[in-house]
Amino acid sequence: MELVVYSLNNCYYSEGACKYLDDLKKIYRKISINNNDKSYYKKKNNMNSFPQIFLENKTKNIKIKIGGFDDLK
């Protein structure tokens with residue numbers, strides 16, 4: 001399983017989640033989202049806010065929703 005953070009560019013909470021994980025020395029994959037693609041990822045991940053944090057296993061097609069920054073903490 002891989003921790004994946006869909007991080008909206010220039011978003012306070014997205015930046016906070018990545019800093020939190022960096023401070024804990026956690027390994028994660030960051031997917032940077034720009035404002036033009038924001039609507040696509042909201043619909044794709046069925047979430048209205050950022051960051052969008054998941055545990056994913058692409059080979060087994062598993063995606064477990066963690067939530068946002070507060071849920072991560």
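Note that this is a predicted model, so its numbers are computed, not measured.
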Side chain to side chain contact (heavy atoms under 4.5 Å, CB included) partners of [X], counting only residues at least two apart:
X     : answer
Tyr13 : Cys11, Pro51, Phe69
Ile64 : Met1, Leu55, Ile62
Asn46 : none

According to a hydrophobic-cluster definition based on side-chain heavy atoms being under 4.5 Å apart (Ile, Leu, Val, Met, Phe, Trp, Tyr only), do [X] and [Y] belong together?
X     : Y     : result
Val4  : Ile27 : no
Ile31 : Leu3  : no
Met47 : Ile53 : no
Tyr12 : Tyr6  : no

Please walk me through it: do Tyr20 and Leu72 pass side-chain contact (heavy atoms from CB on, under 4.5 Å)? CA-CA 9 Å; Tyr20 179 75; Leu72 174 67; 3.9 Å; yes

Exam field: side chain Ser14 to backbone Ser7, donor-acceptor pair closer than 3.5 Å: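 Answer holds: no.
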
Would you mind listing every salt bridge (Lys or Arg N to Asp or Glu O under 4.0 Å) that reaches into residues 5-22, with sequence neighbours excluded?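 Sorted pair list: Lys19-Asp23.
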
Summary of salt bridge (Lys or Arg N to Asp or Glu O under 4.0 Å) pairs that have at least one residue in residues 58-70, sequence neighbours excluded: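 Output for this query lists Glu56-Lys63.
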
When rounded to the nearest 0.5 angstrom, what is the spacing between NZ in Lys42 and CZ in Phe50?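 That separation rounds to 6.5 Å.
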
Expected list for residues 32-41: side-chain donor-acceptor pairs under 3.5 angstrom, two or more places apart:
residue, atom, partner, partner atom, Å
Asn34, OD1, Asn36, N, 2.9
Asn34, OD1, Asp37, N, 3.0

